[in-house]
Q: 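I have a structure I would like to understand better, so I am pasting it below and will then ask my questions one at a time.
Chain identifiers are assigned alphabetically (A, B, ...) following the order of the sequence lines, protein sequences preceding nucleic acid strands; residue numbering begins at 1 within each chain. If you're wondering where the values come from, they're calculated on a predicted model, not measured in any experiment.
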Number of protein chains: 4
Amino acid sequence: MPVISAKRMQDRADSILRAAKTVFSEKGYEGSSIADIARAADVSDGLVYRYFRNKRDLLYHVLRVFYERILVDLERSVMAETTFEAQLRELIRRHLSVFVADTDLCRLFISEVRVASDYHGSAIQELNRAYTSVLIKIVDQAVAAGTVRGDINPRLLRDIIFGAIEHRAWRFVNSRGALDVEETTDELTALLTRGLLAPPARRRAGARAG
Amino acid sequence: MPVISAKRMQDRADSILRAAKTVFSEKGYEGSSIADIARAADVSDGLVYRYFRNKRDLLYHVLRVFYERILVDLERSVMAETTFEAQLRELIRRHLSVFVADTDLCRLFISEVRVASDYHGSAIQELNRAYTSVLIKIVDQAVAAGTVRGDINPRLLRDIIFGAIEHRAWRFVNSRGALDVEETTDELTALLTRGLLAPPARRRAGARAG
Amino acid sequence: MPVISAKRMQDRADSILRAAKTVFSEKGYEGSSIADIARAADVSDGLVYRYFRNKRDLLYHVLRVFYERILVDLERSVMAETTFEAQLRELIRRHLSVFVADTDLCRLFISEVRVASDYHGSAIQELNRAYTSVLIKIVDQAVAAGTVRGDINPRLLRDIIFGAIEHRAWRFVNSRGALDVEETTDELTALLTRGLLAPPARRRAGARAG
Amino acid sequence: MPVISAKRMQDRADSILRAAKTVFSEKGYEGSSIADIARAADVSDGLVYRYFRNKRDLLYHVLRVFYERILVDLERSVMAETTFEAQLRELIRRHLSVFVADTDLCRLFISEVRVASDYHGSAIQELNRAYTSVLIKIVDQAVAAGTVRGDINPRLLRDIIFGAIEHRAWRFVNSRGALDVEETTDELTALLTRGLLAPPARRRAGARAG
DNA sequence: AATGAATGAGGCTTCATTCAT
DNA sequence: GATGAATGAAGCCTCATTCAT
């Protein structure tokens with residue numbers, strides 16, 4: 001017989017988690033204090049420790065919830081597309097959207113977790129792996145189908161795409177500018193699929209004549 | 001007449017800067033204390049404040065020196081190449097090398113500075129801009145020369161390249177694996193120039209016949 | 001009509017008391033938390049406060065039970081001996097055995113209670129008095145019988161004996177060595193009854209002659 | 001060039017040490033906070049940590065100073081006596097005096113340190129050993145000289161004497177009664193040297209005739 | 001009667017920064 | 001110019017105790 005209902009407890013935990021998400025996002029991990037979070041959750045300092053082992057644990061839960069949210073439907077919606085290019089475009093669009101919608105959490109992840117010594121091999125890394133594995137999968141399929149060149153290293157490609165998006169989104173976000181998700185998606189997809197180089201001269205023959 | 005010579009002052013400042021670089025690199029910004037740095041520089045705590053406004057200022061100076069170092073010759077050595085692809089390859093190689101050689105400083109930059117609210121518009125950002133502008137320049141030239149497709153957005157390309165390298169290098173660095181600079185340079189250059197997609201079928205016809 | 005039977009209440013109290021004994025013994029008073037004890041007793045934190053006023057009260061009850069246990073039969077078994085020396089030996093043996101068997105409780109008593117400001121005049125002190133009074137009694141009888149010198153101060157003797165045993169046992173206990181109860185009993189009894197000094201020379205002369 | 005004179009620093013350290021001695025003595029180790037001690041020393045909390053590694057270190061320094069003080073001249077003054085009995089008496093007197101004069105420190109030692117897991121093998125234990133070794137020495141000499149019975153175990157005797165005194169003094173101290181050092185010294189010395197038992201009857205015959 | 005969630009004070013310790021020397 | 005002693009504000013976390021359920 002719990003003293004308060006399970007729902008009430010869940011609410012409390014959620015409330016602390018939400019508060020932590022907000023505070024961490026705004027002030028960074030080191031810059032946030034448990035007292036800040038407790039105050040934001042309208043809860044006593046001590047209660048935070050009933051629901052989370054310590055400050056670090058709280059951070060991980062925040063990021064776990066985040067990852068679980070962005071993972072939902074990712075694979076399904078990407079695989080719903082039929083061509084490699086459409087799949088790639090969908091993945092890029094979704095990932096850009098995450099950055100636009102959850103900039104602060106992305107920053108948190110980048111600046112506090114990926115850097116951390118305990119990241120390698122952690123549950124968070126596992127979620128990250130699950131997230132990026134969707135890309136690996138579509139590239140493998142496309143290589144098998146002959147759509148994508150066989151000398152492509154899927155893991156390098158993964159780093160290119162996620163690194164590029166992260167960088168791109170970050171810049172916009174921090175310069176407080178707006179990122180046009182659709183346009184960026186198109187440009188990035190085009191660049192990746194077709195490459196930088198102009199087509200061979202014979203196809204441009206007409207242009208040369210002009 | 002200064003009580004100590006200007007040269008001696010410069011030596012002191014350098015010594016503190018060097019110490020700060022080491023300590024920050026090893027322990028991160030929050031993890032380092034002024035006392036740590038002063039001890040490493042064989043100087044009193046108080047003296048640090050004569051040369052640098054505060055801990056944050058010290059960090060910025062460390063990164064400034066770092067940037068100035070990696071900027072040296074960058075433009076010259078890239079422009080020394082004659083084709084766009086060679087220029088791109090050179091830029092990628094150099095940037096990958098920076099990550100490999102100065103992992104800790106890169107981490108410092110990524111986790112402590114780019115995140116900071118005072119980064120936008122700062123002197124550090126200016127250096128970053130100077131660093132990345134080399135890429136913009138070679139792309140603009142290549143577009144003008146018709147080597148690179150005219151619909152390429154040079155700023156997007158910049159984010160792709162630097163984002164990709166950062167991501168790639170970071171992964172290797174944190175998984176304690178070795179990053180093969182030459183191989184990664186080749187793969188990344190190839191991917192960016194030629195794109196992901198396999199050439200049109202008619203070009204493969206010959207191969208198929210073989 | 002109580003909601004639970006008196007017996008059940010007693011069981012609960014006993015269970016808490018047993019848990020407290022274990023936990024206090026293992027971790028010391030300050031090192032133990034009510035939560036520790038409640039968990040060990042398989043009971044809620046709050047219930048502890050229904051049976052005991054507070055943490056301190058719990059400690060006193062633990063020690064009370066301890067004292068009551070070691071008091072049982074003490075007087076009877078000591079008085080069953082017929083000579084003073086045998087009575088003294090029995091008392092020493094039993095007290096040494098308590099230290100060996102219940103080291104942790106003894107430590108608890110020494111370090112947490114005897115020191116406490118509320119000890120003087122407390123129920124625990126009363127039990128301690130009852131315990132040590134057995135010694136006073138046999139000494140008084142032996143003095144009356146002429147077996148023990150009349151100038152002996154029984155209270156000083158009491159402190160000597162209990163202090164000596166405590167000291168001796170403590171040393172062994174903390175150095176993780178084994179204390180030989182029988183040997184220590186013999187030596188201590190001999191020393192106390194016969195004193196330190198060698199017999200006068202003239203008595204040794206005869207011995208030497210014999 | 002120290003910022004403040006060495007003397008000033010020593011004064012600070014002494015002042016903190018004195019404050020710690022007082023506060024620990026009054027409230028026990030666990031009951032004292034660094035803030036209490038800093039306030040008593042009229043110093044900031046942080047300064048305590050410049051002079052002492054941590055709270056425990058502070059406790060050990062307090063006890064070290066104490067031991068060094070009571071060790072001074074102990075051996076010299078005991079060995080100045082010529083007979084075993086006089087030496088023993090001197091040792092007992094001095095030790096009783098320590099308890100009377102420094103009750104609180106004795107309590108501190110007994111309740112906080114001897115109990116501690118880090119006592120065994122510590123510097124404090126070494127000081128304790130030095131202190132008690134004086135007794136071992138005079139007993140060994142007396143045994144060699146034939147004054148003390150050869151079957152006496154000097155280490156057992158040490159525990160008897162120090163245990164007895166500790167117990168005796170403790171009781172008085174805590175009952176706020178006054179301990180008569182001279183009287184207790186005499187009684188304890190007599191008891192230990194001559195033993196409890198009345199002399200054989202034939203020797204009392206003469207006394208009876210007297 | 002029993003629970004255990006909730007409180008909130010308080011503990012130890014660190015450290016950026018200042019300023020008397 | 002240089003020192004490093006001194007400050008004091010936080011920070012994280014624990015836990016005895018209470019009280020709504």
Q: Mind checking side-chain hydrogen bond (donor to acceptor under 3.5 Å, both in side chains) for A:Y51 and listing every partner two or more places apart, or none if nothing turns up?
A: none
Q: What is the separation between atom CD1 on C:I34 and atom P on F:dC15, rounded to the nearest whole Å?
A: 11 Å
Q: According to side-chain contact (heavy atoms from CB on, under 4.5 Å), who are the partners of B:D45, at least two apart in sequence or on a separate chain?
A: B:A35, B:A38
Q: Got a sec, which residues hit side-chain contact (heavy atoms from CB on, under 4.5 Å) with B:A123, two or more places apart in sequence or on another chain?
A: none
Q: What are the two closest heavy atoms between A:V43 and A:R12, and how far apart are they?
A: CG2-NH1, 3.1 Å
Q: Please tell me which of the listed nucleotides, E:dA5, E:dT18, E:dC12, lies nearest to the side chain of B:Y49?
A: E:dT18
Q: Given atom CZ of C:F52 and atom P of F:dT17, what is their separation to the nearest angstrom?
A: 14 Å
Q: Quick one: D:L58 CG to E:dC12 P, roughly how many Å, whole number?
A: 11 Å
Q: Calculate the interatomic distance between C:Y29 atom OH and F:dC15 atom C1'; express it in whole Å.
A: 12 Å
Q: Specify the residues of residues 18-25 of chain D, ordered by number, for which at least one heavy atom lies under 4.0 angstrom from an atom of DNA chain F.
A: none
Q: Taking ring pair (Phe, Tyr, Trp, His ring centres under 6.0 Å) as the test, write out the residues that go with C:F52, two or more places apart.
A: C:H61
Q: Which side-chain N or O atoms in residues 14-30 of chain A pair as donor and acceptor under 3.5 Å with protein atoms at least two apart or in another chain?
A:
residue: A:D14; atom: OD1; partner: A:Q10; partner atom: NE2; Å: 3.0
residue: A:S15; atom: OG; partner: A:A41; partner atom: O; Å: 3.4
residue: A:T22; atom: OG1; partner: A:R18; partner atom: O; Å: 3.0
residue: A:S25; atom: OG; partner: A:K21; partner atom: O; Å: 2.6
residue: A:K27; atom: NZ; partner: A:D36; partner atom: OD2; Å: 3.1
residue: A:Y29; atom: OH; partner: A:R56; partner atom: N; Å: 3.1

Q: Quick check on DNA chain F: between A:D36 and C:G31, whose nearest nucleotide comes earlier from the 5' end?
A: A:D36
Q: Check whether the ring centres of A:F109 and A:F66 lie less than 6.0 Å apart, and answer yes or no.
A: no
Q: Just the rounded figure in Å: distance from C1' of E:dT18 to CG of B:N54.
A: 13 Å
Q: Tell me every residue that passes salt bridge (charged side-chain N to carboxylate O under 4.0 Å, His left out) with A:R50, counting only those two or more places apart in sequence or in another chain.
A: none
Q: Could you tell me which residues satisfy ring pair (Phe, Tyr, Trp, His ring centres under 6.0 Å) with C:Y49, sequence neighbours excluded, listed by chain and number?
A: none
Q: Quick one, A:L63 and A:L127 - any side-chain contact, counting heavy atoms below 4.5 Å?
A: no
Q: With D:D104, which residues qualify under side-chain hydrogen bond (donor to acceptor under 3.5 Å, both in side chains), at least two apart?
A: D:R107
Q: Could I get a table of every N or O pair under 3.5 Å where one atom is in the protein and the other is in nucleotides 7-10 of chain E?
A:
residue: E:dT7; atom: OP2; partner: A:S44; partner atom: N; Å: 3.1
residue: E:dT7; atom: OP2; partner: A:S44; partner atom: OG; Å: 2.9

Q: To the nearest Å, how far apart are B:K55 NZ and E:dA16 P?
A: 4 Å
Q: Would you mind reading off the distance between D:D57 atom CG and E:dT13 atom P, rounded to a whole angstrom?
A: 10 Å
Q: Please determine whether a side-chain nitrogen or oxygen atom of B:Y51 lies at a distance below 4.0 Å from atom OP1 or OP2 of F:dG1.
A: no
Q: Give DNA chain E the dot-bracket treatment, 5' to 3': Watson-Crick (N1-N3 with N6-O4 or O6-N4) or G-U (N1-O2, O6-N3) under 3.5 Å, [ ] crossing, | other strand.
A: .||||||||||||||||||||
Q: If you assign C:R53 and A:R53 each to the DNA chain F nucleotide with the nearest heavy atom, which residue ends up on the more 5' nucleotide?
A: A:R53
Q: side-chain hydrogen bond (donor to acceptor under 3.5 Å, both in side chains) with D:R69: which residues, sequence neighbours excluded?
A: D:D102
Q: Could you give the CD1-to-P distance, from C:I16 to E:dG4, as a whole number of Å?
A: 13 Å
